[in-house]
Amino acid sequence: LLLIPELERLTKILDTYKDTDARNCLILRLALRTGGRAQELLNLQKVDFNPYDQSLFIRGIKGSNDREIPLPNGLALDLQRYLGSLSGTKIFDITYDRLYQIWLHYRPVEKKFHCLRHTFAIQLYKKTKDIRLVQVALGHRNITNTMIYADYVYSQEELKKLIL
């Protein structure tokens, strides 16, 4: 999980380089805004982007469900622009190791790439307080896996009430 200042720092970094390093910034921005796992993002095909609905279809791995995630307007437009420059069918024709290198280059703190998925989930839960929606967005088959986010938010909020 990225803390708010860490998230703000990463967002600022990605905004700064999104035009000069489009692919690498785009995959990190998609990770933050879709909650996709590294391999799910690497598996994305051009046909998975729906420009009409501005959404991205993510095929679940590790036994998780497929899902369609809406994208913010600016991110959808950046993705559409990037797709126009591609010749193959894959959106990101890179290896997991290359994605890891990209993350090492851009990460604001020493945390794993997977923290972007947790950050997405926590943000979504804080915004909606809808654990079922978080479950669908993450592709979890079992709500028990998703409950950690509700438990985390609840415990943080309750501890603040008691301590502060």
Side-chain angles (χ1 to χ4, degrees), residues 1-50 54-127 133-140 145-146 148-149 151-153 156:
L1 170 67
L2 290 177
L3 303 175
I4 290 171
E6 297 166 348
L7 176 59
E8 288 170 351
R9 188 164 157 224
L10 177 60
T11 302
K12 192 173 184 178
I13 292 167
L14 296 177
D15 285 346
T16 302
Y17 293 100
K18 73 178 191 176
D19 294 327
T20 55
D21 193 13
R23 182 199 69 195
N24 295 343
C25 290
L26 188 60
I27 196 166
L28 296 179
R29 288 168 64 215
L30 285 172
L32 265 176
R33 296 309 296 251
T34 66
R37 294 180 179 93
Q39 196 57 55
E40 290 172 336
L41 296 169
L42 293 173
N43 292 344
L44 288 171
Q45 306 284 316
K46 280 182 177 178
V47 296
D48 295 332
F49 176 61
N50 179 338
Q54 294 191 323
S55 63
L56 196 58
F57 182 78
I58 298 176
R59 285 177 194 76
I61 61 168
K62 292 176 65 175
S64 65
N65 293 322
D66 297 343
R67 58 230 186 251
E68 192 158 350
I69 306 291
L71 300 176
N73 187 46
L75 183 54
L77 292 174
D78 289 345
L79 177 56
Q80 192 163 9
R81 199 173 307 120
Y82 173 74
L83 291 178
S85 70
L86 296 182
S87 54
T89 57
K90 286 186 96 172
I91 295 179
F92 302 106
D93 199 10
I94 58 173
T95 63
Y96 181 87
D97 288 340
R98 180 65 187 125
L99 176 58
Y100 182 72
Q101 289 172 343
I102 293 164
W103 174 241
L104 289 180
H105 179 72
Y106 281 103
R107 70 183 182 176
V109 287
E110 283 194 38
K111 293 184 178 176
K112 295 180 179 182
F113 180 85
H114 200 73
C115 76
L116 300 177
R117 180 171 167 85
H118 297 307
T119 302
F120 167 80
I122 293 290
Q123 282 187 311
L124 184 59
Y125 184 73
K126 281 182 174 179
K127 189 175 187 178
L133 182 66
V134 177
Q135 177 189 11
V136 169
L138 293 177
H140 288 163
N145 297 335
T146 318
I148 60 165
Y149 301 107
D151 293 344
Y152 173 82
V153 170
Q156 292 297 108

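Between Glu68 and Asn50 the shortest side-chain heavy-atom distance falls below 4.5 Å. Side chains of Lys111 and Leu3 form a contact here, defined as non-hydrogen atoms less than 4.5 Å apart. Within the 4.5 Å cutoff, the side chain of Tyr149 has no heavy atoms near those of the Leu124 side chain. A heavy-atom distance below 4.5 Å is found between the side chains of Asp66 and Phe57. You'll find the side chain of Leu14 stays beyond 4.5 Å of the side chain of Asp21, heavy atoms only. With a 4.5 Å cut-off on side-chain heavy atoms, Asn24 and His105 do not count as touching. Proximity of Asp93 to Leu86: side-chain heavy atoms (C-beta onward) are nowhere separated by under 4.5 Å. Under the 4.5 Å side-chain criterion, counting only non-hydrogen atoms from C-beta, Leu77 is in contact with Gln54.
A donor-acceptor pair under 3.5 Å is formed between the side chain of Arg67 and the backbone N or O of Ala137. With Gln39 contributing its side chain and Tyr96 its backbone, the two residues share no donor-acceptor pair below 3.5 Å. No side-chain donor-acceptor contact under 3.5 Å links Tyr125 to the backbone of Thr146. Side-chain N or O atoms of Arg117 include none that pairs as donor or acceptor with a backbone N or O of Gly36 at under 3.5 Å. Using a distance-only test at 3.5 Å, with no hydrogens or angles considered, a donor-acceptor pair links the side chain of Gln135 to the main chain of His140.
The CG atom of Leu44 lies 8.0 Å from the CZ atom of Arg59; values are rounded to the nearest 0.5 Å. Of the inter-residue distances, the one linking Leu1 atom CG with Gln123 atom CD reads 9.0 Å to the nearest 0.5 angstrom. Atoms CD1 and CZ, on Ile102 and Phe113 in that order, are 9.0 Å from each other to the nearest 0.5 Å. Between the CG atom in Leu41 and the CG atom in Leu30 there is a gap of 6.5 Å [rounded to 0.5 Å]. The line from CG of Leu116 to CH2 of Trp103 is 4.0 Å long, rounded to the nearest 0.5 Å. The CG atom of Leu56 lies 8.5 Å from the CD1 atom of Ile69; values are rounded to the nearest 0.5 Å.
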Test side-chain contact (heavy atoms from CB on, under 4.5 Å) on Val47 and Thr89; report intermediate values, then the result.
CA-CA 8 Å; Val47 296; Thr89 57; over 6 Å; no

Before giving the answer on salt bridge (Lys or Arg N to Asp or Glu O under 4.0 Å), spell out for Asp15 and Lys12 the whole-Å C-alpha distance, their side-chain angles and the decisive distance to 0.1 Å.
CA-CA 5 Å; Asp15 285 346; Lys12 192 173 184 178; over 6 Å; no

Derivation and outcome, side-chain contact (heavy atoms from CB on, under 4.5 Å), residues Asn43 and Asp48
CA-CA 10 Å; Asn43 292 344; Asp48 295 332; over 6 Å; no

For side-chain contact (heavy atoms from CB on, under 4.5 Å), just list the numbers for Leu42 and Ile27, CA-CA rounded to whole Å, side-chain angles, deciding distance to a tenth of an Å, and then say yes or no.
CA-CA 9 Å; Leu42 293 173; Ile27 196 166; 4.0 Å; yes

side-chain contact (heavy atoms from CB on, under 4.5 Å) between Asn145 and Leu138, worked out:
CA-CA 10 Å; Asn145 297 335; Leu138 293 177; over 6 Å; no

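Between the side chains of Gln101 and Asp97, no donor N or O sits under 3.5 Å from an acceptor N or O.
Other residues, nucleotides and ligands place more than 12 heavy atoms under 6.0 Å from the NZ atom of Lys90. With a 6.0 Å radius and a threshold of 12 heavy atoms from other residues, nucleotides or ligands, Ile4 has its CD1 atom at or below the threshold. For Lys126, the NZ atom sits in a loose shell: 12 or fewer heavy atoms of surrounding residues, nucleotides or ligands are nearer than 6.0 Å. The local environment of CZ in Arg23 is crowded, with over 12 non-hydrogen atoms from other residues, nucleotides or ligands closer than 6.0 Å.
In this structure, Ser64 and Gly139 approach most closely via the heavy-atom pair CB-O, 3.0 Å.
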